[in-house]
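Below is one structure; the comments refer to it alone.
Order of the sequence lines fixes the chain letters, A, B, ..., with proteins taken first and strands second; residue numbering starts at 1 for each chain. Predicted model only: the values in this text are computed from it and were never measured.
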Amino acid sequence: MENKILDILEDVCGTDEIKEDRDINLFKSGLLDSLGVTALLVELDEEMGVHIAPTEITRFDIETPNKIIEYIAKRG
Amino acid sequence: MDIVGMIDKHGIENGDKAALRYRDTALTYRELREKSDALASYIIDMLGRDKTPVVVYGHKQNEMIICILACTKSGHPYIPIDTSFPEERVREIVESSRAKILFNVEGMEFNFGDLVLNNLVINNNEQIKAIIDCYLGKRPGKSYTVGLDDTYYILYTSGSTGKPKGVQITLSCMESFLKWYINISRLDNMENLVFMNQVSYSFDVSVMDIYVSLISGATLFTIDKYMISDFKELFYYFSISNIDVWVSTPSMMEMCLIDENFNHKLLPNLKMMVFAGEVLTNSSVLKLFDRFKDIKIINGYGPTEATVLVTAAHIDKTMAENINPLPIGCPIDSCRVYIADPNGNEVLEGEKGEIIILGDSVSSGYYGNEKMSEKSFFASYIGGCKKRGYKTGDEGYIKDGLVFYCGRMDFQVKLNGFRIELGDIEHNLRKIDFIKNAVVLPVSKNGKVQYLVAFVTLDKKINEKDFVIGQDIKNELKRYVPDYMIPRKIVIKEYFDVNVNGKIDRKALMGDIE
């Protein structure tokens, strides 16, 4: 599951750096913006059946690759 | 059409009514009238009748609207610049506009004194408030108000040469648009409605909600960029908004649709949704009809150069189920909208060609840029009357009286509703000292641009990971262009392949990323 999430994130962010540095801040580094978050949530839903409502999360919850993985794992 | 007179009337007759609601503040029609009168009197004191443009820099603060109305009342075109524009670009605009006053509503720290000709930089909201206090009670003479052939506003759009172009819209353009649009978007009891005010003031789609709401004596409910970056906050504000009329780009709406709570329970009053600035897809419309009962949906089309919208269509469920792509609608009554071949001759119905607009909505040209104006604007006759014409560069066709949009004929793209010339980004990338050459391409999915990729070659070898260089490039580029123009992906190439014409092979690069 972790790899699948990282693949999706790589696709959305357009760089494999997110696999090398999993604590990189996606917003501060300009890899994700509002449009990117939307794309990420749509991909997670379509590719993995993980449905996350945008109102359920804050930027803090998904600001690094590790946090995204953790968040999805916690939801089960 | 006396736009400011119509707005002021509400300030006299219904002064306590909120013209704007923004977070925990409200601006009443009385305050709007008195404060814009005061500020207009100040502008007249400083500039007299010289009709030079005034720059208004900020985001969605209530004061933005006060400044805008003050410009109109004092006879000066306003140039609204959103905070998404970086200092360098604001500087270019201020310099080329030869503005003598800059209202820095956002209070950003600029050092522009040298550029603003009269050195009148009103640096923050406190200074604006102090001026208003000082002039409160003064009323500008009616004769100062922007006249029919005067420029009402100037909007700067991305230009392919890397310099933004200022589109001049006259009061007569505004009249042409507003008379038609108010008629086709009319609802019952207009004065009791709440209009969503989300679109950036640098983007003319915002003209639709601002002026229709203010002229009708209705209330604008402001959504800012901070709310959009935090859905919890955004949906909280939606829930207390009582929005009746929604105006946005399709992208903004699609973002909201991802959350299932975006439905009639969140916006129980919603009666109409108006979309413009991008392609509206059938699937989004069908989802909207599922989530909201009895709403009207309008799909509009128009370049900044022809004042907000020149075609519009009411989209119903049957249409969304059966006609793909959706039409952009019937032309505005004051203009002729037709399709032309490369020689400028009108084509037969159903044939594709360039969308041409001829009539009163067409801009008087790019500000101080005759060369660019000559390329895109022309004059022609309708029934013996000379009218302004604009070649849009958009491809389309007409079928059964309805206009359909196919896409751009050049290197302009629409991303998240923003109009971007790829050449603009390429020119600015080349300003970065270690970049030799740059090509920017859009990546699309389902016919819609998702993000931009920049391919660059470097002047010197840099001993860093490509990712780090890419981040450096993004940071450098941020100095020159707005955030929405920063490519998400940067690919560093050793060299560019050229095609048979000796030009960089864009198609080959496209293949690289697929």
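- With a threshold of 4.5 angstrom between heavy atoms, A:Val12 approaches chain B through its backbone and through its side chain.
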Report every donor-acceptor pair between chain A and chain B with a separation under 3.5 Å, backbone and side chains included.
from: A:Val12; atom 1: O; to: B:Arg488; atom 2: NH1; distance (Å): 2.8
from: A:Glu17; atom 1: OE1; to: B:Lys465; atom 2: NZ; distance (Å): 3.3
from: A:Glu17; atom 1: OE2; to: B:Lys465; atom 2: NZ; distance (Å): 3.4
from: A:Glu20; atom 1: OE1; to: B:Lys465; atom 2: NZ; distance (Å): 3.3
from: A:Ser29; atom 1: O; to: B:Gln471; atom 2: NE2; distance (Å): 2.6
from: A:Glu43; atom 1: OE2; to: B:Lys445; atom 2: NZ; distance (Å): 2.8
from: A:Thr55; atom 1: N; to: B:Asp259; atom 2: OD2; distance (Å): 2.8
from: A:Thr55; atom 1: OG1; to: B:Asp259; atom 2: OD1; distance (Å): 3.4
from: A:Thr55; atom 1: OG1; to: B:Asp259; atom 2: OD2; distance (Å): 2.5
from: A:Arg59; atom 1: NE; to: B:Ser229; atom 2: O; distance (Å): 3.2

Verdict with supporting geometry, B:Phe467 and A:Ile24, side chain to side chain contact (heavy atoms under 4.5 Å, CB included): CA-CA 12 Å; B:Phe467 173 74; A:Ile24 187 170; 3.4 Å; yes

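- Of the two parts of A:Leu31, the backbone and the side chain both hold a non-hydrogen atom closer than 4.5 Å to a non-hydrogen atom of chain B.
- With a 4.5 Å cut-off on non-hydrogen atoms, B:Leu415 touches chain A through its side chain but not through its backbone.
- Neither the backbone nor the side chain of A:Ile18 comes within contact range of chain B; no heavy atom of the residue lies under 4.5 Å from a heavy atom of that chain.
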